[in-house]
Amino acid sequence: TTTAEVQPVGVNTIRITVETEGHRPAVYDLKVNRPELAVRFELDSNPPGSTKDSSIVFSGATEPGATITTEAKISGSTDVSAEGRFKFTVKFTRYGENLIDLTIKSADGRTSRITYRINRTPEISSYTKSAWAMDYPYLSTSTNALIGRIFECKGTVVKKMDDETSNYYLFDVGTEAATQYIVLEYNADGGLTEGSYYTIFADVTGTYREYPLLAGRFIKLE
């Protein structure tokens, strides 16, 4: 997986070359067309594909009299100056991929919509320090309200889930008296071993089937 920059307008050609020793290289030109926006919208610099920061500044220019709206969490104002300039800060609400949807509407009613995808990666020290001890009753009944919350998950891998697109593991954080299942997404090299006990720091991303779904970021070495 990689992030490639494209110019705001027109056809962008992204060359992909696959090479294996002893074989002829395979070359593929991926063409991405970005049609002209109905309302001009230009950022001073392209947002990064990945960042460890908890927020990012959006500044640039659009048409004077335009309005900018977004459902992303922001600080500052999205107001556009008389010269068409704007500047505001988007705060990330979760680790992993954050979708930032912007709607720009001109004074005469033309509309442009743009989506930026920015992956927030955690710093191990701050991430683990802010982790909650596992509170399974609260987690299981309020999963969606806890999206982005970090938990210290101690337990045993029951099995790898039958999901071909992601590395999902059924993980028991309960005791001998009662099982308490969550599903962990863990994509580091080597994965997790069924039947093994781990302490994993993970943040809530939603639900998988009937279980809370968390993205495992770091394993604590015992």
Main-chain N/O of Arg40 paired with Thr62 side-chain donor or acceptor, under 3.5 Å: yes

When the ring centroid of Phe41 is compared with that of Phe86, is the distance short of 6.0 Å? yes

Tell me, please, which residues at least two apart from Tyr127 pass ring pair (Phe, Tyr, Trp, His ring centres under 6.0 Å). Tyr95, Phe218

Under a single-linkage rule joining Ile, Leu, Val, Met, Phe, Trp and Tyr whose side-chain heavy atoms are separated by less than 4.5 Å, which residues share a cluster with Leu99? none

For residues 109-119, pull every pair meeting side-chain hydrogen bond (donor to acceptor under 3.5 Å, both in side chains), keeping only residues two or more places apart or in separate chains.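 side-chain hydrogen bond (donor to acceptor under 3.5 Å, both in side chains) check on residues 109-119 returns Glu63-Arg110, Asp101-Thr115, Asp108-Arg110.
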
For residues 132-141, which residue pairs qualify under side-chain hydrogen bond (donor to acceptor under 3.5 Å, both in side chains), counting only residues two or more places apart or in two chains?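 The answer is none; no pair qualifies.
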
Side chain proximity check, [X] to [Y], heavy atoms < 4.5 angstrom:
{"X": "Tyr168", "Y": "Leu213", "value": "yes"}
{"X": "Thr205", "Y": "Leu214", "value": "no"}
{"X": "Val27", "Y": "Arg15", "value": "yes"}

In sequence, state the C-alpha distance, the side-chain angles, and the governing distance for Ser55 and Lys91, and then conclude on side chain to side chain donor-acceptor pair (under 3.5 Å). CA-CA 4 Å; Ser55 63; Lys91 297 183 176 181; over 6 Å; no

Excluding sequence neighbours, so at least two apart, what forms side-chain contact (heavy atoms from CB on, under 4.5 Å) with Ile74? Thr70, Thr78, Phe88, Val90

Can you list everything that forms a side-chain contact (heavy atoms from CB on, under 4.5 Å) with Glu19? Sequence neighbours excluded, please. Thr17, Pro25

Quick test of your reading of the model: are Arg85 and Asp44 salt-bridged, counting only N-O distances below 4.0 Å? yes

